[in-house]
Amino acid sequence: MAPTVPLAVLALVALVAPGLGVAPGCEYPAHRWCSSRDIAVACQVESRCRSLPHPAAAPVQLSLYYESLCPACREFLSTELFSTWLLLPEDILNITLVPYGNAQERNVSGKLDFRCQHGPEECLGNMIEACLMHEAKNFSTYFPVIFCLESGSSVTKNLEACLRIYAPELDSGRIAACVQGDTGVALMHHNAQLTEALDPPHQYVPWITVNGKHTDELQAQAEASLLGLVCHLYQGEKPEACGGSKAPKILSGCRR
């Protein structure tokens, strides 16, 4: 007795290739058409295979160009950016931090020297955070520490306390050696190059690029509700956190 073909398969065959029994160009039996995305595409039945996993969407790429003592930078990083990062799965938002901002780089007698908008303490704060990122390497390790520094009473004096709370595995001595040595200078030079290469050139900080672009509209949307912006731009399945909304607010940036 011949095996019985499920009605669902027969219906699918009739829809895709009536009278032929197989889809044009399909070399697979009907019961395998929805077993993988490649087979479904080859057999032209992708839209009818509801059980297929959706392809992973690219994360939203956000870069923050900032300086450690700028009030608006600290506000955006410690409220909008950190809270959005906490709420979203790590494969939805990819963040790059570039501490430099409105600083100026000079060559003095063959050595690089940096002048910062809010004075020497800001240059030190920028370098501490750059060295922290260099030593930790993993974003999920160093970002909570930077949040702690930027939201606390002192960016330059609270490193030990913030490390104890958020990243006790990191060696503060190695970070200090980086700050005091050639590595810290090299990191700041790299950040200067990244900042100066911005197109359009940055006019203030925080300066935000989204998926490699900066516009006044993107900047305003990011400052008003970064979570809402990322949820809108992400092309994959929306996480639960994207169901909410936040009231907009306006930040006053640090102009050059």
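For the numbers below, each heavy atom of this structure counts, side chains included, while hydrogens, waters and symmetry mates do not.
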* **Exercise: identify the closest heavy-atom pair between Pro59 and Leu93** => CB-N, 4.1 Å

* Roughly how far apart are Ile175 CD1 and Gln180 CD, rounded to 0.5 Å? -> 12.0 Å

* To do: Any chance you could measure Tyr100, atom OH, to Leu194, atom CG, to the nearest 0.5 Å?
  => 11.0 Å

* **Flag side-chain contact, heavy atom, 4.5 Å: Phe114 against Asn126** => no

* Heavy atoms only: give me the nearest Leu149-Asn158 pair and the separation to one decimal. => CD2-C, 3.7 Å

* Asked: Between Val205 and Gly101, which heavy-atom pair has the shortest distance, and what is it?
  -> CG1-CA, 3.7 Å

* To do: Return yes if a side-chain donor-acceptor contact under 3.5 Å exists between Glu150 and Ser78, otherwise no.
  => no

* **Full working for side-chain contact (heavy atoms from CB on, under 4.5 Å) between Ser225 and Thr84** => CA-CA 9 Å; Ser225 176; Thr84 299; over 6 Å; no

* Look at the side chain of Asn191 and the backbone N and O of Pro99, then say whether any donor-acceptor pair between them is shorter than 3.5 Å. => yes

* To do: Evaluate side-chain contact (heavy atoms from CB on, under 4.5 Å) for Leu81 paired with Phe147, printing each intermediate quantity in order.
  => CA-CA 9 Å; Leu81 188 59; Phe147 159 76; over 6 Å; no

* To do: Locate the shortest heavy-atom distance separating Leu132 from Val145; write the atom from each residue and the value.
  => CD2-CG1, 3.5 Å

* His118 and Asn102: side-chain donor and acceptor closer than 3.5 Å? -> no

* Phe143 vs Leu77 side-chain heavy atoms within contact, under 4.5 Å -> yes

* Using a 4.5 Å cut-off on heavy atoms from C-beta on, say whether the side chain of Cys131 contacts that of Arg174. => no

* Within the distance-only criterion (no hydrogens, no angle test), does the side chain of Asn107 pair as donor or acceptor with the backbone N or O of Gly110 below 3.5 angstrom? -> yes

* Give a yes or no on whether the backbone of Leu233 and the side-chain of Gln235 come within a donor-acceptor separation of less than 3.5 Å. => yes

* To do: Using the side-chain contact (heavy atoms from CB on, under 4.5 Å) rule, take Tyr204 and Gln219 through it: C-alpha gap first, then chi angles, then the decisive distance, then the call.
  => CA-CA 11 Å; Tyr204 50 82; Gln219 178 85 22; 3.5 Å; yes

* Asked: How long is the gap from CD on Gln44 to SG on Cys26, to the nearest 0.5 Å?
  -> 8.5 Å

* Asked: Got a second to check how far Cys123's SG is from Arg115's CZ, nearest 0.5 Å?
  -> 8.5 Å

* Asked: Do the side chain of Glu80 and the main chain of Leu226 share a donor and acceptor less than 3.5 angstrom apart?
  -> yes

* To do: Begin with the C-alpha distance, continue with both residues' side-chain angles, and end with the deciding distance and a verdict on side-chain contact (heavy atoms from CB on, under 4.5 Å) for Cys116 and Glu121.
  => CA-CA 8 Å; Cys116 295; Glu121 186 177 7; over 6 Å; no

* Side chain to side chain, Asp113 and Glu105, heavy atoms closer than 4.5 Å -> no

* Distance, nearest 0.5 Å, that separates OH of Tyr142 from CG of Leu97 -> 5.5 Å

* To do: Inspect the surroundings of CG in Asn138 and state if more than 12 heavy atoms from other residues, nucleotides or ligands are less than 6.0 Å away.
  => yes

* To do: Could you check whether the rings of Phe139 and Trp85 sit parallel, tilted or perpendicular, using 30° and 60° as the cut-offs?
  => perpendicular

* **Ile146-Ile128 co-clustered via ILVMFWY side chain contacts under 4.5 Å** => yes

* **Neighbour count >12 (heavy atoms, 6.0 Å) for atom CD, Glu217** => no

* To do: Examine distances only and state if a side-chain atom of Lys157 and a backbone atom of Ser153 form a donor-acceptor pair shorter than 3.5 Å.
  => no

* To do: Return yes if some donor-acceptor pair links the side-chain N/O of His214 with the main-chain N/O of Ile208 below 3.5 Å, else return no.
  => yes

* Asked: When you measure from the side chain of Lys238 to the backbone N and O of Gly243, does any donor-acceptor pair fall under 3.5 Å?
  -> no

* So with a 6.0 Å cut-off around CD of Glu196, is the heavy-atom count from everything else above 12? -> yes

* Does a sphere of radius 6.0 Å around NZ in Lys137 hold more than 12 heavy atoms from other residues, nucleotides or ligands, not counting ones at 6.0 Å or beyond? -> yes

* Heavy-atom donor-acceptor pair, Ser36 side chain to Ile39 backbone, under 3.5 Å -> yes

* Hey, is the main chain of Ser68 close enough, under 3.5 Å, to the side chain of Glu129 for a donor-acceptor pair? -> no

* Determine, using the 4.5 Å side-chain heavy-atom cutoff (strictly less than), whether Leu218 and Tyr66 are members of one ILVMFWY cluster. => yes

* **Leu112 reachable from Leu187 in the ILVMFWY side-chain graph, under 4.5 Å edges** => no

* Asked: Which heavy atom in Gly125 sits nearest to a heavy atom in Val155, and how many Å separate them?
  -> CA-CG1, 4.0 Å

* To do: Give a yes or no on whether Phe82 and Trp207 share a hydrophobic cluster (residues Ile, Leu, Val, Met, Phe, Trp, Tyr; joining criterion: side-chain heavy atoms under 4.5 Å apart).
  => no

* To do: Compare every heavy atom of Ala222 with every heavy atom of Phe76, then report the nearest pair and how far apart it is.
  => CE1-O, 3.5 Å

* To do: Would you indicate whether Gln193, at its atom CD, is surrounded by more than 12 heavy atoms from other residues, nucleotides or ligands within a distance under 6.0 Å?
  => yes

* Asked: Do the non-hydrogen side-chain atoms of Val210 and Val60 ever get within less than 4.5 Å of each other?
  -> yes

* Answer with yes or no whether the side chains of Asn94 and Gln61 bring together a donor and an acceptor at under 3.5 Å. => yes

* Taking only residues two or more places apart in sequence, or in another chain, which ones meet Arg32 in a salt bridge (Lys or Arg N to Asp or Glu O under 4.0 Å)? -> none

* Any link between Leu64 and Leu198 through a network of hydrophobic side chains (Ile, Leu, Val, Met, Phe, Trp, Tyr) touching at under 4.5 Å? -> no

* What is the distance from atom CG of Leu229 to atom CD of Gln221, rounded to the nearest 0.5 Å? -> 5.5 Å

